[in-house]
**Q** 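For reference, the structure I am asking about is given below.
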Amino acid sequence: MSIFDRFENAVEKGINGAFSRVFRSGLKPVDVTTAIRRAIEDNLQEFAADRTIAPNSFALHISPSDFDALSEDLDVLRDEFERQTTQYAAEHDYVLLGPVEVLFERDDAELTGQVEVECATKRGAAAPATAVAASPEHPIIDIDGEKWLLTEPVTVIGRGSEADIVVPDSGVSRRHLELRVTPTGVIATDLGSTNGTFVEGHRIDAATLVDGNQIVIGRTRILFWTHPASDPTQDR
């Protein structure tokens, strides 16, 4: 079974099970997964033998009737397709330059049961850590099991949509924590949060991080490292 077969089967199982009621339209999960696969494979950018960049932004154009049938559950579908697409990229060793985003767009030109995908590569302050290793210039953090590569000098973590990495934790402020990459190290700064930021159990206003540090905001644990050998998740 190919990597995409596993990807497609996972989406079929997830959506046709827990989300089966969503597909009251002519559009089926296999239609969406096939369209996303085609968009990824047709738009790969090879920069080196071990570095292939895949698109991470997908606009799914669907008919008005399909859009209306799915309208109440688009958020659920979007989250599921984003999760599965990220997993597919990781299993296929594709590099992502930003988080995966999947948007459904109502399109009068589309027929019922059909989907057209418009894709793009968008750089973000953080990207899912798929086929890349941590470095001092681009550290990796693990947030409750999800690994993120810090691609820009400054990354903001918080509960609000304006944060670069959104954490769905009611104990986390909308803009809670800043991670800033500098020539002398990565500095974690609390952004005036309500519940504070803790590094290795100590509440901080600002602190320079070292490999293996654990940061806690609200009920969320964040692990940090800058070298592959220091990846603390490998000991799980």
Side-chain angles (χ1 to χ4, degrees), residues 1-15 19 27-62 74-105 107 110 114-135 137-153 155 157 161 163-166 179 181 225-226 228 231 233-234:
M1 181 180 291
S2 70
I3 290 175
F4 183 73
D5 288 335
R6 294 198 300 272
F7 167 72
E8 185 171 285
N9 288 344
V11 174
E12 287 280 8
K13 181 178 178 181
I15 294 182
F19 306 132
L27 191 63
K28 298 297 184 288
V30 65
D31 301 326
V32 179
T33 56
T34 298
I36 291 176
R37 175 192 65 172
R38 186 179 301 115
I40 291 174
E41 299 300 333
D42 288 349
N43 293 277
L44 295 173
Q45 302 176 54
E46 295 188 8
F47 282 87
D50 60 347
R51 185 176 173 84
T52 301
I53 295 176
N56 61 305
S57 177
F58 303 88
L60 308 183
H61 296 261
I62 61 177
L74 288 180
D75 287 345
V76 173
L77 291 172
R78 182 196 64 220
D79 291 346
E80 178 65 13
F81 283 121
E82 287 175 351
R83 184 182 68 82
Q84 293 292 345
T85 303
T86 301
Q87 180 181 337
Y88 172 65
E91 291 181 349
H92 218 63
D93 290 334
Y94 294 151
V95 175
L96 300 173
L97 298 185
V100 171
E101 61 176 12
V102 174
L103 302 174
F104 288 86
E105 296 191 359
D107 192 333
E110 293 299 324
Q114 295 187 358
V115 58
E116 185 73 23
V117 179
E118 181 181 357
C119 68
T121 300
K122 293 185 178 181
R123 179 177 290 276
T130 51
V132 291
S135 67
E137 295 78 19
H138 299 292
I140 286 178
I141 59 176
D142 180 291
I143 303 178
D144 286 345
E146 291 189 5
K147 292 183 179 180
W148 293 87
L149 178 76
L150 306 188
T151 60
E152 298 292 333
T155 304
I157 302 172
S161 59
D164 298 311
I165 301 177
V166 178
L179 298 179
V181 180
W225 65 98
T226 58
D231 181 349
T233 66
Q234 296 303 312

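Residue indices begin at 1 and follow the sequence shown.
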**Q** Looking only at non-hydrogen atoms, find the nearest pair between R51 and V132 and report the distance.
**A** NH1-CG1, 3.7 Å
**Q** Between atom OH of Y88 and atom CD1 of I36, what is the distance when rounded to the nearest 0.5 Å?
**A**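 Here the interatomic distance stands at 10.5 Å.
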**Q** I'd like to check I40 versus T85 (side-chain heavy atoms, cut-off strictly below 4.5 Å). Are they in contact?
**A** yes
**Q** Please report the closest heavy-atom contact between V181 and E137, naming both atoms and the distance.
**A** CG1-O, 3.8 Å
**Q** Quick one, V32 and V102 - any side-chain contact, counting heavy atoms below 4.5 Å?
**A**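 No - every pair of side-chain heavy atoms lies 4.5 Å or more apart.
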**Q** Please check if any side-chain donor atom of E101 sits under 3.5 Å from a side-chain acceptor atom of S57, or the reverse.
**A**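 Checked: E101/S57 side chains pair up, N/O donor to acceptor below 3.5 Å.
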**Q** To the nearest 0.5 Å, what is the distance between CD (E152) and CG (L149)?
**A**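 One gets 10.5 Å once the value is rounded to the nearest 0.5 Å.
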**Q** Within the structure provided, determine whether R37 and T34 are in side-chain contact (heavy-atom separation under 4.5 Å).
**A**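 In contact.
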**Q** Look up atom CD1 in I143 and atom CD1 in I165, then write down how far apart they are to the nearest 0.5 Å.
**A**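 Between atom CD1 of I143 and atom CD1 of I165 there are 4.5 Å.
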**Q** Would you check if D142 and W225 make a side-chain contact, meaning some heavy-atom pair closer than 4.5 Å?
**A** yes
**Q** Look at the side chain of N56 and the backbone N and O of P99, then say whether any donor-acceptor pair between them is shorter than 3.5 Å.
**A** yes
**Q** Looking at every non-hydrogen atom in both residues, tell me the closest pair between P55 and A39 and how far apart they are.
**A** CG-O, 4.0 Å
**Q** For T226 and S135, indicate whether the former's side chain and the latter's backbone hold a donor-acceptor pair under 3.5 Å.
**A** no
**Q** Working note: V115 + F104, criterion side-chain contact (heavy atoms from CB on, under 4.5 Å); need CA distance, chi angles, decisive distance, verdict.
**A** CA-CA 10 Å; V115 58; F104 288 86; over 6 Å; no
**Q** For residues E82 and T86, report the shortest heavy-atom separation together with the two atoms involved.
**A**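 That closest heavy-atom pairing would be O-OG1, 2.9 Å.
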**Q** Stepwise, does the side-chain contact (heavy atoms from CB on, under 4.5 Å) test hold for T155 with I141?
**A** CA-CA 11 Å; T155 304; I141 59 176; 5.8 Å; no
**Q** Write down the atom of P228, the atom of A133, and the distance for their closest heavy-atom approach.
**A**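 Heavy-atom minimum between the residues: CG-CB, 3.6 Å.
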**Q** CD/E118 to CG/L103 distance, rounded to the nearest 0.5 angstrom?
**A**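 It is 10.5 Å, given to the nearest 0.5 Å.
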**Q** Please list, chain by chain and in numerical order, all residues satisfying ring pair (Phe, Tyr, Trp, His ring centres under 6.0 Å) with Y94, sequence neighbours excluded.
**A** H92
**Q** With F81 as reference, evaluate V100, T33, V76 under the side-chain contact (heavy atoms from CB on, under 4.5 Å) test and give the passing residue.
**A** T33
**Q** Kindly give the heavy-atom pair with the smallest separation between V166 and S161, and that separation in Å.
**A** CG2-CA, 4.2 Å
**Q** Quick one: pull up CG in L96 and OG1 in T130 and give me the separation to the nearest 0.5 Å.
**A** 4.5 Å
**Q** Just by modelled atom types, is the I53 backbone N or O under 3.5 Å from a matching donor or acceptor in the Q45 side chain?
**A** no
**Q** When rounded to the nearest 0.5 angstrom, what distance separates CD1 in I62 from CG in D107?
**A** 9.5 Å
**Q** The test is side-chain contact (heavy atoms from CB on, under 4.5 Å); show your working for T151 and R123 and say whether it passes.
**A** CA-CA 8 Å; T151 60; R123 179 177 290 276; 4.0 Å; yes
**Q** Do W148 and P128 have side chains that get closer than 4.5 Å, going by heavy atoms?
**A**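 Contact flag for W148/P128 side chains = yes.
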